Amino acid sequence: MSWWWAGAIGAKKSEEDEAPRSFQSVGLVVGVTGIVGNSLAEILPLADTPGGPWKVYGVARRPRPNWNADYPIEYIQCDISDPKDTKSKLSQLTDVTHIFYVSWTNRSSEAENCEINGAMFRSVLCSVIPNAPNVRHICLQPEPNITSDRSSWLAKPNRTIRLLPKIYLG
């Protein structure tokens with residue numbers, strides 16, 4: 001069954017959709033219980049997904065919900081706003097090749113949004129990159145909101161400049 005058809009209403013999963021034992025790509029989906037993250041968790045493990053076969057780690061701050069319990073992912077409950085929790089849980093992931101960052105938390109002001117979301121993104125990267133030498137792609141797509149530009153915490157040039165060097169400086 002094609003990866004794009006797998007999510008269609010009434011589409012039946014076949015045995016060929018089961019994840020193989022050897023993986024070409026290993027994805028870390030941060031924000032796995034959101035709309036985008038949940039879709040990635042469903043599609044990436046399918047046998048015919050481009051770049052695959054994929055092993056998938058899914059990260060969310062709450063316990064794994066029942067509605068995605070049948071996805072063949074390794075679920076990691078982790079509060080990425082807590083750098084110690086992030087480091088203790090994500091620094092162990094040495095086989096990651098792709099990071100899909102689709103997480104977002106909302107605060108009362110744009111300045112607070114920039115601070116917390118930038119800190120969470122940095123925390124994930126600082127925990128994974130030093131320990132996963134095969135990381136070759138990072139996809140950043142915070143969940144969209146029709147009432148505000150949620151990407152502004154990274155899109156502002158001065159924010160980007162301050163965000164990335166700290167990853168390597170510690």
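Note that the structure is predicted; figures quoted are calculated from it, not measured. Values below: all heavy atoms of this structure, side chains included; hydrogens, waters and symmetry mates excluded.
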I'd like to know whether CZ of Arg64 has more than 12 heavy-atom contacts from other residues, nucleotides or ligands below 6.0 angstrom. yes
Only counting residues at least two apart or in another chain, list the ones meeting side chain to side chain donor-acceptor pair (under 3.5 Å) with Lys87. none
Could you list the residues that satisfy side-chain contact (heavy atoms from CB on, under 4.5 Å) with Arg136, not counting sequence neighbours? Ser25, Thr97, His98
Is there a donor-acceptor pair under 3.5 Å between the side chain of Ser127 and the backbone N or O of Leu90? no
side-chain contact (heavy atoms from CB on, under 4.5 Å) partners of Glu112, counting only residues at least two apart: Arg107, Ser108, Ser109
CG-OG distance between Asn131 and Ser91, expressed to the nearest 0.5 angstrom: 5.5 Å
My understanding is that only residues two or more places apart in sequence, or in another chain, count here; which of them pass salt bridge (charged side-chain N to carboxylate O under 4.0 Å, His left out) with Asp79? none
Considering residues at least two apart in sequence or located in another chain, which fulfil the ring pair (Phe, Tyr, Trp, His ring centres under 6.0 Å) criterion with Phe100? Trp54
Report yes or no: do Tyr101 and Asn117 form a side-chain donor-acceptor pair below 3.5 Å? no
Atom pair CD1 (Ile80) and CD1 (Ile76), whose distance is rounded to the nearest 0.5 Å: 12.0 Å
Residue list, side-chain contact (heavy atoms from CB on, under 4.5 Å) with Pro65, at least two apart or on another chain: Thr33, Trp67, Asn68, Tyr75
Rounded to the nearest 0.5 Å, what separates atom CD1 in Ile73 from atom CG in Leu40? 10.5 Å
Once you round to the nearest 0.5 Å, how far does CD1 of Ile99 lie from CG of Leu125? 5.5 Å
Under the 3.5 angstrom rule, does the side chain of Thr49 hit a backbone N or O of Pro45 as a donor-acceptor pair? no
